[in-house]
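Remarks on the structure that follows.
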Amino acid sequence: MGADEGRPSWNEYFMNIAHEVAKRSTCERAQVGAVIVRDKRILTSGYNGSPRGLPHCTEVGCLMENGHCVRTLHAEQNAIIQAALHGVSTQGAVIYVTHQPCFLCAKTIINAGIKEIVYGKEYQDDRSLDFLKQAGVKISILE
């Protein structure tokens, strides 16, 4: 029996952590978690929730526009913002996200210098995948 038998792969390990982070989400429409990793070390994490100091969806309800809740920041945005707040470079990192990034998050990920995305649940946004591919960001699905 090999030493790694029964252990999760690194991708599974970090995706499992992203799922735990998602449990902190304060939007009932979708619980999304993100973990930014470089060299097998967690740099930051984020989940979808309201801006600091503002009421959460769980307190006052979702703020809906065009079928989307706009009260919250997305998990990817929050993870990247945490890196910026704490002076942590995301250049060359991998982001693990429970859901496929939307178009806005894809553009943010590109500009944050993140080189790879590993995501779980698909989100129907072909533009985001197209932009990520054009920018040379590696994309993997891990369900």
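Only heavy atoms go into these numbers, but all of them, side chains included; no hydrogens, no water, no symmetry mates. We number each residue from 1, following the sequence as shown. Predicted, not measured: the structure shown is a model, and the values here were computed from it.
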Using side-chain heavy atoms (C-beta onward) and a distance below 4.5 Å, is [X] in contact with [Y]?
X      : Y      : answer
Leu132 : Ile110 : yes
Glu28  : Cys57  : no
His74  : Thr108 : no
Ser50  : Pro55  : no
Thr98  : Tyr119 : no
Ser140 : Glu116 : yes
Ile17  : Tyr96  : no

Can you tell me how far [atom2] of [Y] sits from [atom1] of [X], rounded to the nearest 0.5 angstrom?
X      : Y      : atom1 : atom2 : value
Leu129 : Gln134 : CG    : CD    : 11.5 Å
Ile95  : Leu43  : CD1   : CG    : 10.5 Å
Ser45  : Ile36  : OG    : CD1   : 9.0 Å
Met15  : Ile141 : CE    : CD1   : 10.0 Å
Ile42  : Lys40  : CD1   : NZ    : 13.5 Å

Would you kindly confirm whether [X] and [Y] end up in one hydrophobic cluster when ILVMFWY residues are joined by side chain heavy atoms under 4.5 Å apart?
X      : Y      : result
Leu142 : Ile109 : no
Leu73  : Val21  : no
Val94  : Tyr47  : yes
Ile81  : Leu104 : no

*Derivation of the side chain to side chain contact (heavy atoms under 4.5 Å, CB included) call for Asp130 and Arg127*: CA-CA 5 Å; Asp130 183 49; Arg127 289 183 309 171; 5.5 Å; no

*Is it true that atom CD of Glu59 has more than 12 heavy atoms of other residues, nucleotides or ligands lying nearer than 6.0 Å?*
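More than 12 within 6.0 Å, yes.
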
*Parallel, tilted or perpendicular: which describes the rings of Trp10 and Tyr13, with under 30° parallel and over 60° perpendicular?*
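Perpendicular.
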
*So Phe103 and Phe131, would you call those rings parallel, tilted or perpendicular, with 30° and 60° as cut-offs?*
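Rings of Phe103 and Phe131: perpendicular, over 60°.
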
Please report the closest heavy-atom contact between [X] and [Y], naming both atoms and the distance.
X     : Y     : answer
Ala79 : Thr44 : O-OG1, 2.9 Å
Arg7  : Glu12 : O-OE1, 4.5 Å
His99 : Glu76 : O-OE2, 4.2 Å

Output yes when a side-chain donor or acceptor of [X] lies under 3.5 Å from a complementary backbone atom of [Y], and no otherwise.
X      : Y      : result
Gln100 : Glu122 : no
Arg29  : His68  : no
Ser128 : Pro101 : yes
Arg38  : Ser89  : yes

